[in-house]
Amino acid sequence: MTAQLNPRGDVAVLVPAAGAGVRLGPGAPKALRPLAGEPLLVHAVRRIAAAPSVHTIVVAAPAADVESVRLMLAPVAPVTVVPGGAERQASVAAALAAVPAGPEIVLVHDAARALTPPELVESVAAAVRGGHDGVIPVLPVVDTVKEVDAGERVLGTVDRAALRAVQTPQGFRRSVLTTAHEAAGDPLTDDAGLVEKLGVPVVCVPGSELALKITRPFDLALAEHLLATGA
Ligand code: CTP
Ligand code: MG
């Protein structure tokens, strides 16, 4: 059944989905690879569409797959699909340019975090609505982290208590994200990094284990298991 988005919602969600998935191994672009019989992107969009504040979803798809992605997502939710770019940052910028007038909160959410619960979309959006211009969901770092040199020699141990592993969706006041992308220089791996460079404060909210990024084959196997056990 096609989800309905909320015409009174105040949130646009950008879904960068144009990556190749090199670390997952040979095959189709990662967002189009199957997880329990459906593409990762379908899982991701279904969960985004279930978040009640969402007004608009814009997907940045691999340029060669824009039409097939439109057809694939039509039964899932009403979405706009645009061609992505060579780097994630370019894909996000392309999706941001396609957001219609209206939503003043913009979330950026990796298609690769296919099992992210709708509640996390809502909690990030709520923190932006509450007055924070930049919001990221985070988890504590569980491993001890070492800094090393080019020869793998240990330079020191980083204080784990002060570190966070960062997930998506990352949420922003729309004008802040637009300014950050206009000012962007070298590509970064997340959008909060661009906002930090503007000097705008970014705050953390609790992330979710289910928002893991499917990067390597192990992650895909874990996601299959999580789905089979009710995620
Ligand atoms: N992404 C994108 N456009 C790119 C590169 C990445 O939209 N040019 C998206 C991916 O589709 C993914 C998200 O950004 O949903 C996070 O990127 P990552 O996990 O690195 O995915 P890939 O780039 O596909 O994987 P890899 O780096 O292993 O090739
Ligand atoms: Mg990548």
Side-chain angles (χ1 to χ4, degrees), residues 12-36 38-49 51 54 56-70 72-73 76-77 79-99 106-117 120-121 124 136-139 165-172 177 180-181 184-195 207-224 226:
V13 185
L14 316 181
V15 188
V22 170
R23 288 169 289 178
L24 206 49
K30 179 160 74 179
L32 310 183
R33 294 202 211 182
L35 164 61
E38 290 184 304
L40 288 182
L41 181 58
V42 167
H43 290 279
V45 167
R46 188 182 291 130
R47 284 163 178 76
I48 296 164
V54 174
T56 299
I57 301 174
V58 183
V59 172
D65 300 299
V66 168
E67 210 39 56
S68 62
V69 166
R70 271 191 197 122
M72 173 198 294
L73 293 177
V76 181
V79 298
T80 302
V81 183
V82 300
E87 306 280 352
R88 181 187 181 281
Q89 193 167 298
S91 297
V92 174
L96 182 59
V99 177
V106 179
L107 269 51
V108 185
H109 183 45
D110 295 329
R113 298 182 190 272
L115 300 186
T116 302
L120 189 61
V121 174
V124 170
I136 57 174
V138 302
L139 293 177
V166 179
Q167 304 180 319
T168 74
Q170 299 187 347
F172 308 94
L177 187 64
H181 272 270
D186 290 342
L188 301 180
T189 54
D190 81 343
D191 300 279
L194 297 178
V195 168
S208 165
E209 305 272 14
L210 290 172
L212 79 153
K213 185 156 72 73
I214 297 169
T215 306
R216 290 160 296 216
F218 178 86
D219 307 318
L220 194 56
L222 176 58
E224 295 265 3
L226 291 168

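For ligands, and for the atoms within them, numbers begin at 1 and follow the listed sequence. The figures here come from the full heavy-atom set of this structure, side chains too, leaving out hydrogens, waters and symmetry mates.
Looking at Thr56, its side chain never comes within 3.5 Å of a backbone N or O of Val99 through a donor-acceptor pair.
Considering CG of Leu212 and CD of Gln167, their distance stands at 8.0 Å, rounded to 0.5 Å. Atom-to-atom distance recorded for Leu35:CG and Leu41:CG is 12.0 Å, nearest 0.5 angstrom.
Residues Arg88 and Asp191 are paired through a salt bridge, judged by an N-O separation under 4.0 Å between the basic side chain and the carboxylate.
Surrounding CZ of Arg216 are at most 12 heavy atoms belonging to other residues, nucleotides or ligands under 6.0 Å away.
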Please produce the table of protein N or O atoms sitting under 3.5 Å from N or O atoms belonging to ligand 1, one pair a line, distance to 0.1 Å.
from: ligand 1; atom 1: 1 (N); to: Gly19; atom 2: N; distance (Å): 3.4
from: ligand 1; atom 1: 3 (N); to: Ser91; atom 2: OG; distance (Å): 2.7
from: ligand 1; atom 1: 7 (O); to: Ala17; atom 2: N; distance (Å): 3.1
from: ligand 1; atom 1: 7 (O); to: Ala18; atom 2: N; distance (Å): 2.8
from: ligand 1; atom 1: 7 (O); to: Ser91; atom 2: OG; distance (Å): 3.2
from: ligand 1; atom 1: 8 (N); to: Gly85; atom 2: O; distance (Å): 2.9
from: ligand 1; atom 1: 8 (N); to: Ala86; atom 2: O; distance (Å): 3.1
from: ligand 1; atom 1: 8 (N); to: Glu87; atom 2: N; distance (Å): 3.4
from: ligand 1; atom 1: 11 (O); to: Ala18; atom 2: N; distance (Å): 3.3
from: ligand 1; atom 1: 11 (O); to: Gly19; atom 2: N; distance (Å): 2.9
from: ligand 1; atom 1: 15 (O); to: Pro16; atom 2: O; distance (Å): 2.8
from: ligand 1; atom 1: 15 (O); to: Ala111; atom 2: N; distance (Å): 3.2
from: ligand 1; atom 1: 15 (O); to: Ala112; atom 2: N; distance (Å): 3.3
from: ligand 1; atom 1: 19 (O); to: Lys30; atom 2: NZ; distance (Å): 2.9
from: ligand 1; atom 1: 19 (O); to: Lys213; atom 2: NZ; distance (Å): 2.8
from: ligand 1; atom 1: 20 (O); to: Arg23; atom 2: NH2; distance (Å): 2.8
from: ligand 1; atom 1: 21 (O); to: Lys30; atom 2: NZ; distance (Å): 3.2
from: ligand 1; atom 1: 24 (O); to: Ala20; atom 2: N; distance (Å): 3.2
from: ligand 1; atom 1: 24 (O); to: Gly21; atom 2: N; distance (Å): 2.9
from: ligand 1; atom 1: 27 (O); to: Arg23; atom 2: NE; distance (Å): 3.4
from: ligand 1; atom 1: 27 (O); to: Arg23; atom 2: NH2; distance (Å): 2.9
from: ligand 1; atom 1: 28 (O); to: Val22; atom 2: N; distance (Å): 3.3
from: ligand 1; atom 1: 28 (O); to: Arg23; atom 2: N; distance (Å): 2.8
from: ligand 1; atom 1: 28 (O); to: Arg23; atom 2: NE; distance (Å): 2.9
from: ligand 1; atom 1: 29 (O); to: Gly21; atom 2: N; distance (Å): 3.1
from: ligand 1; atom 1: 29 (O); to: Val22; atom 2: N; distance (Å): 2.7

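Contacts of Pro34 classified as side-chain contact (heavy atoms from CB on, under 4.5 Å), with partners at least two apart in sequence or in another chain: none.
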